[in-house]
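All remarks here apply to the structure that follows.
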4 protein chains.
Amino acid sequence: MFLRRALEMYEMVKRGSNGSSTVEVGGVCFGRGFVVIAGPCAVEDEMQIEAAARGVAAAGALMLRAGAYKPRTSPYSFQGLGAPGVTMIARAALRHRLPAVVEATAAEQLPLLARSVDMIQIGARNMQNFALIQEAARTGLPILLKRGPAATLDEVLCAAEYAVLEGNRNVVLCERGVRGFDRHTRNLLDLAGALRLKELTGLPVIIDPSHGTGQRSLVAPLVAAAAAAGLDGAIVEVHPEPARALSDGEQALDLADFAALMTRVREIAPTVKVASQACR
Amino acid sequence: MFLRRALEMYEMVKRGSNGSSTVEVGGVCFGRGFVVIAGPCAVEDEMQIEAAARGVAAAGALMLRAGAYKPRTSPYSFQGLGAPGVTMIARAALRHRLPAVVEATAAEQLPLLARSVDMIQIGARNMQNFALIQEAARTGLPILLKRGPAATLDEVLCAAEYAVLEGNRNVVLCERGVRGFDRHTRNLLDLAGALRLKELTGLPVIIDPSHGTGQRSLVAPLVAAAAAAGLDGAIVEVHPEPARALSDGEQALDLADFAALMTRVREIAPTVKVASQACR
Amino acid sequence: MFLRRALEMYEMVKRGSNGSSTVEVGGVCFGRGFVVIAGPCAVEDEMQIEAAARGVAAAGALMLRAGAYKPRTSPYSFQGLGAPGVTMIARAALRHRLPAVVEATAAEQLPLLARSVDMIQIGARNMQNFALIQEAARTGLPILLKRGPAATLDEVLCAAEYAVLEGNRNVVLCERGVRGFDRHTRNLLDLAGALRLKELTGLPVIIDPSHGTGQRSLVAPLVAAAAAAGLDGAIVEVHPEPARALSDGEQALDLADFAALMTRVREIAPTVKVASQACR
Amino acid sequence: MFLRRALEMYEMVKRGSNGSSTVEVGGVCFGRGFVVIAGPCAVEDEMQIEAAARGVAAAGALMLRAGAYKPRTSPYSFQGLGAPGVTMIARAALRHRLPAVVEATAAEQLPLLARSVDMIQIGARNMQNFALIQEAARTGLPILLKRGPAATLDEVLCAAEYAVLEGNRNVVLCERGVRGFDRHTRNLLDLAGALRLKELTGLPVIIDPSHGTGQRSLVAPLVAAAAAAGLDGAIVEVHPEPARALSDGEQALDLADFAALMTRVREIAPTVKVASQACR
């Protein structure tokens with residue numbers, strides 16, 4: 001009963017975004033080739049984000065990721081730099097000609113983000129914060145929508161529908177691990193679920209193996225797996241000095257490991273940077 | 001590593017709310033006896049909320065629940081009446097001398113809620129919407145914080161800590177079912193988890209067997225179970241005409257079934273209405 | 001598709017055991033009143049099982065439980081006393097006039113068990129060891145079938161059907177916790193699932209809160225909860241000296257705690273010992 | 001406490017099988033290159049198994065799989081051909097020079113299997129049927145041990161340790177999906193868990209995407225993913241006429257799809273057939 005109703009509901013998402021299956025973000029085309037987004041969990045200072053942006057650009061990443069507003073489980077954890085952090089990310093992205101994606105955790109952050117970056121992330125904890133999704137969609141920026149840790153695929157698609165109904169069809173979905181029961185990985189990355197999301201909808205689908213496993217050693221193999229399986233990309237945590245990271249250091253790659261990962265990805269899948277007109 | 005860090009973090013919640021383990025809401029005391037909150041999933045019109053409030057008050061419920069802003073999985077489902085609904089709930093509650101709890105889904109709703117009702121609910125989908133929790137806590141009203149469907153107990157306590165750190169120690173926790181794998185129940189109600197939450201903290205803990213199971217026939221047995229196990233209460237969906245409910249009708253009790261439930265609860269546990277000073 | 005097929009399949013279980021909903025075990029009737037089975041995880045020596053049997057009988061348990069063949073996760077854990085253990089359990093049960101239930105882990109153990117005890121347990125790890133279920137059913141003894149940690153309710157009923165199709169309709173089902181994701185309990189006890197099992201079938205259903213939670217402090221509240229909710233009983237680990245138990249000591253009650261539990265149960269539910277003819 | 005104990009326990013598995021990380025099965029070497037095992041869920045008749053064996057051999061599979069004893073959830077489902085089926089599988093395997101793996105569900109089946117096939121499978125439902133694992137290990141044949149749907153990685157390794165302690169170090173582990181909550185896939189294939197198993201032990205690890213997803217369309221992408229990620233192989237259900245299969249037809253590939261899958265695998269990973277001496 002619940003399921004049948006849900007199935008009927010995401011009609012617009014099922015028909016695909018703007019008639020095709022691509023989403024263009026600052027000149028990068030999701031849905032044609034394998035796109036790697038990389039950067040630190042959180043921007044910490046100018047030097048760190050500059051080193052990260054320079055490093056991931058050199059290795060072949062097509063987009064920069066970094067958090068300024070961090071939705072941390074504990075109120076005592078580092079909460080991000082806020083608005084000044086957004087500016088630091090935007091400047092580093094500009095210097096290295098990488099479009100940037102930054103997570104929003106409250107509606108009041110959206111005007112600054114809309115002026116500064118190229119894509120707004122809705123994190124897993126806010127996947128059913130529909131008010132935030134609607135506000136983010138209204139900025140007109142493309143949305144990176146992460147699957148919540150207990151979300152069914154139908155629920156992911158319904159959440160995307162909230163954005164699409166605001167007139168913004170530029171939604172990229174991201175599988176980042178569901179809640180599992182084994183202590184050896186932080187979450188349980190549902191690669192098959194990501195592939196099913198792609199079958200069920202016209203939207204591009206990527207994975208986040210950093211949060212999805214919480215294990216540095218598993219990130220590169222899973223990015224290779226996603227590329228081989230035909231998904232549309234991956235978002236990877238990379239830090240110039242993982243041991244000194246203020247958050248999630250245990251799952252971040254250093255720049256050398258990230259460069260090796262990119263070499264492996266290129267062997268498996270074409271990493272295509274497409275100009276904005278070509279994505280249409 | 002993750003766990004150890006989390007454990008150290010909810011220090012204020014662990015020490016208990018204002019030195020004891022009670023929370024007072026409009027003259028009702030959580031933490032001394034078993035409190036039943038009842039009412040419809042959503043307010044639909046004046047007559048429906050009046051009939052529901054009159055019925056649950058007559059049967060012995062101590063508080064009224066009803067939704068005005070509904071965080072529905074699908075954007076095509078009934079989304080609630082919004083601000084006019086809040087007023088309807090407040091008037092019905094006043095007429096029957098029941099304190100009311102209403103869910104907030106966005107910060108902009110808080111001023112009206114703070115003027116109109118007695119307790120603000122943070123729903124399961126927003127359990128890690130920390131910005132909303134902080135804003136809700138700042139209203140000064142008691143908070144009913146529902147556990148998310150994939151939230152560990154540590155995460156629930158950390159979310160509560162976000163409220164407590166705003167200076168609002170009046171938090172009641174609610175177990176409403178985690179994501180399960182069996183189709184015969186909507187969610188998997190974690191009664192033992194609710195008991196552990198109570199052991200781990202000074203906060204009152206109640207259950208929501210309506211969302212927790214999605215099965216009308218299981219609601220009364222589970223309320224009886226919670227009372228027998230020593231939990232602090234339950235929040236129950238009751239509708240004057242479940243078959244005509246605009247949302248969640250399949251799990252709502254009618255007024256006759258609810259009265260039978262209250263009779264059973266009274267056999268097992270003392271349902272105590274305490275004046276505000278007595279709760280201290 | 002999977003689900004619909006499964007639903008059609010457990011026809012005999014759905015029609016109930018021998019036309020009613022009771023199962024008689026050595027003079028104890030499951031399905032009329034709340035039956036508490038108690039005893040140590042494993043028999044360790046004559047003195048331990050004697051002390052346990054005497055204690056639980058005095059407190060009002062109606063059946064004795066103890067393991068002789070232990071299906072331990074690790075091959076290095078205590079594996080049980082084997083056949084000599086069965087004899088010790090049988091003698092202690094006889095001395096205190098308690099029917100005994102013992103788990104079988106291999107078909108070769110069944111002849112001795114059939115001669116010595118009153119009920120054969122199929123443990124959670126063997127819930128889909130259909131060859132063992134069939135062999136156990138052929139002994140003619142009543143079967144205590146525990147739900148596996150990832151088993152759907154349909155799978156439980158299909159497993160029971162394997163026994164019933166051998167002509168043995170005396171099957172009692174037991175919910176003992178499914179695999180959960182929270183470290184604060186060993187498993188996630190699905191009380192609502194147990195209630196649904198009872199709705200779906202004519203078979204009695206009990207819970208195992210000891211394995212279901214792995215926490216001594218939660219056992220008594222959950223037995224009270226099961227009694228209040230209308231289930232048919234509970235199986236509880238009780239050890240004369242939990243701190244010295246060779247297995248599962250952290251979840252075992254001592255005799256004083258068990259006596260207190262029985263007092264609480266009697267307040268909530270009638271504990272009825274019925275002679276075998278009366279069960280019909 | 002549980003976890004720490006478990007960690008100390010699988011010492012022999014952690015040290016690796018016979019000092020290296022390879023297992024040789026009838027001339028095929030697991031642990032050097034990517035090995036694809038293929039064949040029908042169950043042998044149905046001589047013509048079906050002959051067509052399957054011929055087809056998968058021609059496409060490049062290195063081993064034949066087929067079930068003769070089927071552990072079906074429902075007693076009313078097709079239960080397999082039993083002993084005559086074993087003979088049919090063995091003859092087809094011999095004709096096409098493919099070593100064969102067949103599942104055992106009871107100890108009494110082991111002598112015939114040991115005479116007829118090259119590897120014994122312990123299925124997911126029997127992963128903690130330790131008596132069966134020990135008996136199977138004593139045959140001296142290599143063991144294919146499938147992870148149970150709720151098994152932690154520690155539990156998988158402990159189960160393998162039961163085999164290794166019988167003196168049989170030739171164990172290959174198989175991830176076949178854990179119990180998930182989404183209806184769009186039959187199980188939740190834990191690719192990262194499979195990679196962790198490989199990190200934690202010296203044993204080869206493969207995946208079963210057919211049972212792991214229950215979706216024909218996902219099988220080939222996930223085999224490609226496993227190869228790209230560096231796992232040791234995959235076991236794939238292939239049926240000459242999936243629409244007429246007596247079991248699991250909805251997840252079986254036909255011969256043309258399987259041939260396409262093998263072509264894709266060869267692009268990504270070297271599929272190496274190694275003579276038995278070379279595996280050492």
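If you measure heavy-atom distances from B:Glu199 to chain C, the contacts under 4.5 Å come from the side chain alone. For B:Ala151, the part sitting under 4.5 Å from any heavy atom of chain C is the backbone (N, CA, C, O) and nothing else. Contact annotation for B:Val178: only side-chain heavy atoms (C-beta onward) come within less than 4.5 Å of a heavy atom of chain C.
Note on C:Ala150, C:Ala220, C:Pro209: by heavy-atom pairs under 4.5 Å with chain B, the leading option is C:Ala150. By number of non-hydrogen pairs under 4.5 angstrom with chain B, the leading residue of C:Ser217, C:Gly230, C:Gly212, C:Ala226 is C:Ser217.
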Determine whether B:His184 and C:Leu197 satisfy the following criterion, side chain to side chain contact (heavy atoms under 4.5 Å, CB included), listing intermediate values before the conclusion. CA-CA 9 Å; B:His184 286 292; C:Leu197 274 179; over 6 Å; no
Quick one, C:Leu195 with B:Thr213, criterion side chain to side chain contact (heavy atoms under 4.5 Å, CB included). Give me CA distance, side-chain angles, the key distance, then yes/no. CA-CA 11 Å; C:Leu195 291 163; B:Thr213 69; over 6 Å; no
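Rounding to the nearest 0.5 Å places CZ of B:Arg183 at 8.5 Å from CG of C:Leu153. If you take CD1 on C:Ile268 and CD1 on B:Ile268, they are separated by 6.0 Å, rounding to the nearest 0.5 Å.
Put simply, the side chain of B:Arg196 reaches to within 4.5 Å of the side chain of C:Leu218, judged on heavy atoms.
Taking every heavy atom of both residues into account, C:Leu191 and B:Leu191 meet most closely at CD2-CD2, 3.8 Å. For B:Ala225 against C:Ala229, the heavy-atom pair with the smallest separation is CB-CB, 4.2 Å.
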